[in-house]
Amino acid sequence: FWNCLMSILSISNLGQSYGDFDVFLGLTASIQNDGKVGLVGPNGIGKTTLLRILAGLDVSSAGSVNFAQGTRVGYLRQEAMEAFAQRENTLLAEMLTVFGDIKGQEARLNQLQESMARGDASDALLAEYSTLHEAYELAGGYDYEVRIDQVLHGLGFSKHDWQTPLNVLSGGQKTRALLARLLLEKPDLLILDEPTNHLDVDAVEWLEGALKIWDGAILIVSHDRYFLDRVVNVIWELDWQRIETYRGNYSHYVKQREERHARRLAEYEIQQEFIEKHLGKAR
């Protein structure tokens, strides 16, 4: 019961089929509020299919997906073309869309300051200014531009790129731009499909640092085992009919999996010996 209360996401008996073909069946697992989960499994097992269902882009054939109330989900797909379709913003303008509320507060504060400069010092105006200024500060009004700079720089964009229209960016740059926007949005659950694909070594290192201190839950698919080692604290191993959960990073997972398989093999061999022994007696 307590585990359910602490979960930001839980899936139960989840299945996805296309006609007679079952991608996966009966998946059950959960992610804690601060969980950093790496999803692994062989190519073609359905990792991206599962992510798309959890992100709300596809509907499962069976089972259920449940989020904690009010959960905001951000999803980095492998190709960002779809996410930026029909977007005519520059790179910087796209990042600023994250802070629309703050920009609105900023504009109103400027109006109030202009009124005060003209001599309006009414109690109502001063009260509004005081309340709005506090809200603006709490929302990060004084540091959002610094955050944009840090994230874009961290992901390998130069100041020269800031005024580039999104539709002019390459596919890899669009993916990095989508990742930048997601990091600025700070969703409660961040779902990343191969986030290091279009990053150089410096950008990967910066992203590792950002995700280590991420205040929320993360679900990552990545073939970069070193990246998973540095970022995640739980591994989901996806099989056709189950998700096996391992505590720890990728290296811990490899060790635990070998131990688990050895234990199961030993149990199987003991069982077979038992069957043969009793069958022999029966004969």
Minimum heavy-atom separation for Thr71 to Leu189, with atom names?
CG2-CB, 4.4 Å
Heavy-atom side-chain proximity of Ile218 to Ile191 below 4.5 angstrom
no
Measure the CD1-CZ distance between Ile8 and Arg72 for me, rounded to the nearest 0.5 Å.
9.0 Å
Excluding sequence neighbours, so at least two apart, what forms ring pair (Phe, Tyr, Trp, His ring centres under 6.0 Å) with Tyr246?
Tyr253
Measure the shortest side-chain to side-chain distance between Arg247 and Asn233 over non-hydrogen atoms and say whether it is less than 4.5 angstrom.
no
Treat each ILVMFWY residue as a node, draw an edge where side-chain heavy atoms are under 4.5 Å apart, and state whether Trp162 and Val146 are in one component.
no
Asp161 side chain to Thr164 side chain, donor-acceptor N/O pair below 3.5 angstrom
no
Using a 4.5 Å cut-off on heavy atoms from C-beta on, say whether the side chain of Val221 contacts that of Leu192.
no
Shortest non-hydrogen contact from Leu54 to Phe67?
O-CZ, 3.2 Å
Counting N and O atoms only, with roles assigned by atom type, does the side chain of Glu259 sit under 3.5 Å from a partner on the main chain of Gln256, one being a donor and the other an acceptor?
no
Can you check whether Gln163 reaches Leu92 side chain to side chain, under 4.5 Å on heavy atoms?
yes
Check whether any side-chain N or O of Ser7 sits under 3.5 Å from a backbone N or O of Ser10 as a donor-acceptor pair, and report yes or no.
no
Just do the side-chain contact (heavy atoms from CB on, under 4.5 Å) check on Arg147 and Leu184 with the steps written out, would you?
CA-CA 7 Å; Arg147 285 183 56 210; Leu184 291 169; 4.0 Å; yes
For atom CG of Asp143, is the number of surrounding heavy atoms from other residues, nucleotides or ligands below 6.0 Å larger than 12?
yes
With heavy-atom distances below 4.5 Å as the criterion, would you say the side chains of Ser30 and Met6 are in contact?
no
Applying the side-chain contact (heavy atoms from CB on, under 4.5 Å) test to Val234, which of Asn249, Ile31, Thr245 qualifies?
Thr245
Pairs under 3.5 angstrom only: tabulate donor-acceptor contacts from the side chains of residues 196-211 to other protein residues two or more places apart or in another chain.
from   : atom 1 : to     : atom 2 : distance (Å)
Asp200 : OD1    : Asp202 : N      : 3.2
Asp200 : OD1    : Ala203 : N      : 2.8
Glu208 : OE2    : Arg230 : NH1    : 3.3

Applying the 4.5 Å side-chain criterion to the ILVMFWY set and letting contacts propagate, would Phe157 and Val168 be lumped into a single cluster?
no
Test side-chain contact (heavy atoms from CB on, under 4.5 Å) on Leu219 and Leu51 and set out the steps.
CA-CA 9 Å; Leu219 176 60; Leu51 295 192; 3.6 Å; yes
Under the criterion side chain to side chain donor-acceptor pair (under 3.5 Å), I'd like the reasoning laid out for Gln111 against Arg108: C-alpha separation, chi angles, the key distance, then a yes or no.
CA-CA 5 Å; Gln111 289 177 348; Arg108 181 56 182 159; 2.9 Å; yes
Would one find more than 12 heavy atoms of other residues, nucleotides or ligands at under 6.0 Å from atom CG of Asp215?
no
Provide the closest heavy-atom pair for Glu128 versus Leu112 in the form atom of the first, atom of the second, distance.
OE1-CD2, 3.8 Å
Can a donor-acceptor pair be found between the side chains of Gln16 and Ser61 at a distance below 3.5 Å?
yes
Please walk me through it: do Asp193 and Lys47 pass side-chain contact (heavy atoms from CB on, under 4.5 Å)?
CA-CA 9 Å; Asp193 197 353; Lys47 298 188 292 292; over 6 Å; no
Nearest-0.5 Å distance, CZ of residue Arg77 to CZ of residue Arg52
6.5 Å
Heavy-atom nearest pair, Val23 first then Gly46, reads CG1-CA, 3.8 Å
Any salt bridge linking Glu244 with Arg257? Criterion: basic side-chain nitrogen under 4.0 Å from a carboxylate oxygen.
no
Measure the shortest side-chain to side-chain distance between Pro187 and Val73 over non-hydrogen atoms and say whether it is less than 4.5 angstrom.
no
How about Leu125 and Ser115: do any of their side-chain heavy atoms sit closer than 4.5 Å?
yes
List, one per line, each side-chain donor-acceptor pair under 3.5 Å for residues 132-140, sequence neighbours excluded.
from   : atom 1 : to     : atom 2 : distance (Å)
His133 : NE2    : Tyr142 : OH     : 2.7
Tyr136 : OH     : Glu106 : OE2    : 2.7
Tyr136 : OH     : Gly141 : O      : 2.9

Where the side chain of Ser222 meets the backbone of Asp224, is there a donor-acceptor pair that is under 3.5 Å apart?
yes
Should Leu39 and Ile220 be marked as a side-chain contact (heavy atoms from CB on, under 4.5 Å) after you check the CA-CA gap, both sets of side-chain angles, and the distance that decides it?
CA-CA 6 Å; Leu39 175 62; Ile220 305 173; over 6 Å; no
Take atom CD in Glu88; do more than 12 heavy atoms of anything else shown fall under 6.0 Å from it?
no
Looking only at heavy atoms, what is the nearest atom pair of Leu166 and Glu94, with distance?
CD1-OE1, 3.4 Å
Treating Ile, Leu, Val, Met, Phe, Trp and Tyr as nodes and any side-chain heavy-atom pair under 4.5 angstrom as an edge, say whether Tyr18 and Phe24 lie in one connected cluster.
yes
Side-chain heavy atoms nearer than 4.5 Å, only ILVMFWY residues, links allowed to pass through others: does that put Ile53 and Leu57 together?
yes
When you measure from the side chain of Asp120 to the backbone of Ser122, do you find a donor-acceptor pair of N or O atoms at a distance under 3.5 Å?
yes
Of all heavy-atom pairs between Ile11 and Val65, which one has the smallest distance, and what is that distance?
CG2-CG2, 4.0 Å
